[in-house]
Amino acid sequence: MTSAPSSSRRLVKSEPEAYSYEQLVKDRVTSWTGVRNYTARNNLRAMQKGDLALFYHSVGPKEIVGIARVSKAAFPDPTVPPEEAKLGWLAVELGPHIAFEDPVSLAVIKADPRLADMLLVKQSRLSVTPVTEAEWDVVLSLAGG
DNA sequence: GCCAACGTTGGC
DNA sequence: GCCAACGTTGGC
């Protein structure tokens with residue numbers, strides 16, 4: 001087996017007014033629905049139960065606030081109307097894993113040369129992105145360990 | 001509120 | 001298949 005372990009790490013984005021990490025903690029589990037972008041969909045499809053994902057609050061706070069855990073691998077998005085089912089939109093189920101004591105702001109990420117290639121920065125509209133193992137470790141260190 | 005980036009749609 | 005128009009996202 002030589003497949004890259006880094007493929008199990010990702011980042012998901014949400015506007016906190018739509019769905020926040022705090023809400024995820026309250027809910028314990030949520031269906032991550034509504035992705036309507038093919039690249040993001042493909043990233044969702046690769047997520048396996050137990051995989052971890054950085055959780056980014058877009059628009060307002062603009063910071064990574066914690067880590068979510070995949071509790072159920074990709075399945076057809078139940079919010080898709082039947083006539084669009086053939087398009088293959090997917091959802092996953094997420095639960096809270098760790099809330100950062102020190103969220104990592106976009107400004108800090110942009111200022112760190114080790115994170116210059118993060119897709120969060122380079123492709124800012126993509127809502128589900130892979131994160132390399134190196135990027136993952138840097139973000140966690142910036143979050144205080 | 002503005003606008004850049006970028007994905008999607010539809011006319012040709 | 002090309003490309004202009006349009007819609008959405010999200011940083012600033």
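A, B, ... follow the sequence lines: proteins, then strands. Residue 1 opens every chain. As the structure is a computational prediction, the values presented were derived from the model and not from experiment.
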Self-check item: SB check A:Asp77 A:Arg36 (cutoff 4.0 Å)
Solution: yes

Quiz item: Less than 4.0 Å between a side-chain N and a carboxylate O, is that true for A:Asp51 and A:Arg9?
Solution: no

Quiz item: Are any side-chain N or O atoms of A:Tyr38 and backbone N or O atoms of A:Trp89, one a donor and one an acceptor, separated by less than 3.5 Å?
Solution: no

Self-check item: Between A:Asp27 and A:Tyr19: side-chain donor-acceptor atoms closer than 3.5 Å
Solution: yes

Practice problem: Return the angle between end axes of the helix from B:dG1-C:dC12 to B:dC12-C:dG1, with five pairs used per end and rounding to 10°. | Solution: 10°

Quiz item: Nucleotide range of DNA chain B contacted by chain A, 5' to 3', under 4.0 Å to a heavy atom?
Solution: B:dA5 to B:dT8

Quiz item: Do side-chain atoms of A:Thr129 reach the backbone of A:Leu120 as a donor and acceptor pair under 3.5 angstrom?
Solution: no

Exercise. Using modelled atom types only, decide if a donor and an acceptor are shared between the side chain of A:Glu135 and the backbone of A:Thr132 within a distance under 3.5 Å.
Key: yes

Quiz item: Should the pair A:Lys122-A:Asp117 be classified as a salt bridge under the 4.0 Å nitrogen-to-oxygen rule?
Solution: yes

Quiz prompt | Sole residue of A:Ile98, A:Ile64, A:Leu54 in side-chain contact (heavy atoms from CB on, under 4.5 Å) with A:Leu140 | solution = A:Leu54

Quiz item: So what does A:Leu106 hit on the nucleic acid, given a heavy-atom distance under 4.0 Å: a base, only sugar-phosphate, or nothing?
Solution: sugar-phosphate

